[in-house]
Amino acid sequence: NAGVTQTPKFQVLKTGQSMTLQCAQDMNHEYMSWYRQDPGMGLRLIHYSVGAGITDQGEVPNGYNVSRSTTEDFPLRLLSAAPSQTSVYFCASSYSRDSYNEQFFGPGTRLTVL
Amino acid sequence: AQSVTQLDSQVPVFEEAPVELRCNYSSSVSVYLFWYVQYPNQGLQLLLKYLSGSTLVKGINGFEAEFNKSQTSFHLRKPSVHISDTAEYFCAVRLANAGGTSYGKLTFGQGTILTVHP
């Protein structure tokens, strides 16, 4: 199993540009989520999905969209990038929505918005 | 809502010394507790978790943590650290019986950077 994969590893955008961060998992996990990591703030939840076709907002959803058309993929879209979205983005998945399940994290995407 | 506070942003120690990374949480309901480690330029890896039962939890790489419900703490310890333990460590909580918008949500602390010196 490849686990949780993310592409790209690095990205530089100009303000106003749009892009999609890709996330895929091959573990047949039901629950997937996106976090952003900023220095001194830990990881904060952006959006999550409890299954194909079902998504919901986390604590910092503004400026981001998600969709979940398949179990495997959970892309994160930035519609109009802003410098405040400069961050490291992590995708995570777990077997189910149950809280005792471990979340597995991808390697991250480092995004810089100029 | 739950919250997590990691009391030290940076902890420098010498190799083979013991270390304790402190974590306190706040929640009005039962929680599950986790410690994750992030090595430089990598994703997060689970070190250990507390779900129920014995309050002393052992994890990978010789780490252990003790759940203290009365003090709402979940401190991480290792009796003798190695250079390879240099990393950032995150404490996290999840509601034990989450529903609605809290479903499965992990709430993280701010992180503690452990630097092990030779």
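Just so you know, these numbers come straight off a predicted model, no measurement behind them. Below, all heavy atoms of this structure are taken into account, side chains as well, without hydrogens, waters or symmetry copies. Naming: A, B, ... by sequence-line order, numbering from 1 per chain.
Contact annotation for A:F104: neither backbone nor side-chain heavy atoms come within less than 4.5 Å of a heavy atom of chain B. At a 4.5 Å heavy-atom cutoff, the contact between A:E59 and chain B is made by side-chain atoms alone. B:E88 touches chain A through its side chain: at least one heavy atom from C-beta onward sits under 4.5 Å away, while N, CA, C and O do not. Residue contact with chain B, scored on non-hydrogen atoms closer than 4.5 Å, is absent for A:R44. Neither the backbone nor the side chain of B:Q45 comes within less than 4.5 Å of any heavy atom of chain A. With a threshold of 4.5 angstrom between heavy atoms, B:I113 does not approach chain A through any atom at all.
Aromatic ring centres of A:Y35 and A:F90: separated by at least 6.0 Å. Side-chain rings of A:Y48 and A:F74 stay apart, their centers remaining 6.0 Å or farther from each other.
Under the side chain to side chain contact (heavy atoms under 4.5 Å, CB included) test applied with B:L48, the options B:I60, B:L76, B:L33 reduce to a single match, B:L76. Screening A:V88, A:L78, A:T86 for a side chain to side chain contact (heavy atoms under 4.5 Å, CB included) involving A:L111 leaves a single residue, A:L78.
B:E15 places no side-chain N or O within 3.5 Å of a backbone atom of B:H82 that could act as its donor or acceptor partner. Remark: side-chain polar atoms of B:T72 are not paired, donor with acceptor, to backbone N or O of B:K69 under 3.5 angstrom.
Interface remark: of the candidates A:M41, A:Q37, A:R110, A:Q37 forms the most heavy-atom pairs closer than 4.5 Å to chain B.
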